[in-house]
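Below you'll find the structure, written out as structure tokens, and then a few comments.
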Amino acid sequence: MEKTILSIDCGTQSLRAIIFSLKGEVLAIQKIPFEPYTSPKAGWAEQDPEIYWHTLKVACNKLKRESAHHFSSIVGVGVTALRDSMVNVNKNGEPLRPLMIWLDQRKAKPVFRPEWGLKILIKTMGLEDTLTKAQREGKCNWIRQNQPAIWENTYKYLQVSGFLHYRLTGEFKDSVASQIGHIPFDYKKQKWGNPKNLLAFSTKLYPVEKEKLPELVQPGEIIGGIDKKASEETGLPENLPLVACGSDKGCETLGMGVVNTKLGSLSFGTTATIQTTSERYIEPIKFMPAYPATIPGLFNPEVEIFRGFWMITWFKNEFAQKEVEQAKKKGISEEEALNKLLSQSPPGSMGLVVQPYWSPGLSEPAAKGAIIGFGDVHKKPHVYRAVIEGLAFALKEGKEKIERVSGQKMEKLAVSGGASQSNEICQIAADIFDLPIIRGQTSETSGLGAAIITAWATGNYISLEEATKNMVKYKDEFQPNTIHVDFYRKLYKKVYKKMYRKLEPLYNEIREITGYPE
């Protein structure tokens, strides 16, 4: 019997249970969608953690029924999940409240009150605003301030991956490579922060008690075996090994074969990111950490565009009702209908340029979204293409930041995420980056990354490097169009790169006058 690997990929809008071969082929998949969140109040984004466990059980049982042969050959399981979405559980692993997913906008009051000497140092380093914003984003701080009884009764404060690990094995353990978010984690040392260290800011900004945090293990280590209860509920064999993997973005990067700084990983997902894999700890944006990679001991320097390719959904909902209806009538996907808009507008969108900061990040806290260059010639296709071009410009700026601190030029980019299935979007990106862009044989790259780690951990490959070489395969390559490259280079350098500096004072005035966003 050919051995197989099961990956559980839990995202914001769906959970996928995927059976991979040891060659990286998708043999069977079950995707269970769910509403990404509920909003009891404006700006809130909450999810019942039991949704994740319920869909995991449904997906596994469907695989067992419909793909029995492959299911019976599973030799290991790996979990990868969304980042920065924390679950408060009691001693029995039962959620105490809905989790606040990464899209939640509520703000906590600052909790860090440094002594005068440290305060002066922070001011000298230009860290005041960054540290204030960071701790206000900490959902642990909000819970402590607004629901103290919940916090007091919290036995463990877990990433979604850690929550699922407990449900599968009864162990409160999680991967080092999953610890990405507003938590007291030392990214440089890749372990929980030391509260006694005056400069361990994460422990000051997010004062989670050490005993409330899970035990950390390296990617590739065994979390535990599937326990009896989980076996009965999922259909997975009892004692089947569950392997520590990493976050969805980290697994995605490995699943595209990005194992050094010569190759970059573009994620065209809800949050758009550019990552690479580095042996050194480097910060592309000052004081923004490099995340732990799924390759033990390495790092994933990253620049993210928070709302990223969510903007496609925004555009579709607000402006493309006609295309959505046409797609339904023709029996094609909505994305395919939108792709046709891209061919109806030339490079540069006839003078429209988008700065895609629909939600600001820590590096540009004043940023707002902007579209400049409107004229009477502009129609819907021009706006859509400008949105895609603006996202590519923002990611290119991120690439330059990573290259500056790494000292290594990227030679090629690997692309994944929902929007990467569009040939038109991939070609626009190749033209703007002026680099070849490769696309994997499977779009399930997060799941593939988890499968690679699991295949190695269960002894099917002698090293993670060997597993990656055997399981990552590329299907398409997009070469830059030389005519468009020069055009985009001018637009990027002479217009896009100057937009934030020129508009920042106006963004501040807007915020001051309107009070939005706070």
Side-chain angles (χ1 to χ4, degrees), residues 84 86 105-146 148 151 157 179-213 278 280-292 299 301-304 306 357 359-368 397-398 400-402 404-407 500-513 515-518:
D84 196 19
M86 308 298 295
Q105 295 175 35
R106 73 192 86 180
K107 304 289 187 255
K109 297 173 186 175
V111 297
F112 180 35
R113 294 175 179 83
E115 295 180 358
W116 69 270
L118 186 55
K119 192 172 184 178
I120 291 172
L121 177 62
I122 288 169
K123 192 169 185 178
T124 304
M125 294 170 70
L127 272 174
E128 272 186 312
D129 289 345
T130 300
L131 293 182
T132 298
K133 181 176 173 60
Q135 60 192 301
R136 294 195 71 211
E137 297 289 339
K139 303 305 182 257
C140 59
N141 296 335
W142 190 93
I143 297 171
R144 290 166 70 104
Q145 292 163 9
N146 294 275
W151 191 259
Y157 190 58
Q179 304 316 307
I180 298 168
H182 299 86
I183 48 177
F185 187 74
D186 186 327
Y187 290 93
K188 191 170 186 178
K189 295 181 179 178
Q190 297 193 353
K191 62 182 183 180
W192 297 125
N194 179 5
K196 294 180 181 178
N197 182 346
L198 287 177
L199 295 180
F201 288 124
S202 68
T203 63
K204 312 292 190 297
L205 305 183
Y206 317 115
V208 179
E209 298 90 330
K210 184 76 176 285
E211 64 270 16
K212 292 186 188 293
L213 297 167
S278 170
R280 294 189 297 119
Y281 176 85
I282 54 178
E283 296 179 351
I285 299 170
K286 201 173 182 182
F287 308 121
M288 287 289 289
Y291 300 135
F299 301 91
E302 175 187 285
V303 174
E304 71 172 16
F306 187 60
Y357 296 124
S359 288
L362 279 177
S363 57
E364 288 99 5
K368 295 175 77 68
E397 194 170 36
E400 292 175 349
K401 290 175 180 176
I402 293 173
R404 194 176 303 123
V405 294
S406 71
Y500 182 73
R501 183 168 50 84
K502 298 280 188 183
L503 293 173
E504 184 180 21
L506 298 181
Y507 292 152
N508 286 321
E509 292 291 351
I510 290 171
R511 187 170 284 102
E512 183 70 26
I513 294 166
Y516 184 82
E518 63 171 327

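Residue numbers run from 1 in the order of the sequence given. Side-chain atoms are counted along with the backbone in the values below, which use heavy atoms only and exclude waters and symmetry mates.
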inquiry  = Checking Asp186 now: which residues fulfil side chain to side chain donor-acceptor pair (under 3.5 Å) with it, not counting sequence neighbours?
reply    = none
task = Answer whether the closest heavy-atom distance between the side chains of Glu283 and Tyr187 falls below 4.5 Å.
result = no
Side chain Tyr206, main chain Ala134, donor-acceptor under 3.5 Å = yes
task = Measure the spacing between CZ of Phe185 and CH2 of Trp192 and express it to the nearest 0.5 Å.
result = 6.5 Å
Donor-acceptor under 3.5 Å (Lys212 side chain, Trp151 main chain) = yes
ask   = With distance as the sole test, does Gln190 use its side chain to make a donor-acceptor pair with the main-chain N or O of Pro292 at under 3.5 Å?
value = no
inquiry  = Parallel, tilted or perpendicular: which one describes the rings of Tyr500 and Tyr507, with boundaries at 30° and 60°?
reply    = tilted
key: Test: Glu397 and Lys401 ion pair at under 4.0 Å   = no
query = Are the side chains of Pro284 and Glu302 in touch, meaning some heavy atoms are under 4.5 Å apart?
reply = no
task = Under the side chain to side chain contact (heavy atoms under 4.5 Å, CB included) rule, what do Lys368 and Leu506 come out as? Steps first, then yes or no, please.
result = CA-CA 10 Å; Lys368 295 175 77 68; Leu506 298 181; over 6 Å; no
query = Is Glu512 atom CD crowded by more than 12 heavy atoms from other residues, nucleotides or ligands, each under 6.0 Å away?
reply = no
ask   = Counting distance only, does the side-chain N/O of Lys210 pair as donor-acceptor with the main-chain N or O of Val208 below 3.5 Å?
value = no
request  = Specify the closest pair of heavy atoms between Gly138 and Ala108, including all atoms of both residues, with the distance to one decimal.
outcome  = O-CB, 3.9 Å
query = Which pairs, with at least one residue in residues 114-126 and sequence neighbours excluded, count as a side-chain hydrogen bond (donor to acceptor under 3.5 Å, both in side chains)?
reply = none
ask   = Do the non-hydrogen side-chain atoms of Lys133 and Asp129 ever get within less than 4.5 Å of each other?
value = no
Spacing of CE belonging to Met86 relative to NE2 belonging to His182, to within rounding of 0.5 Å = 11.5 Å
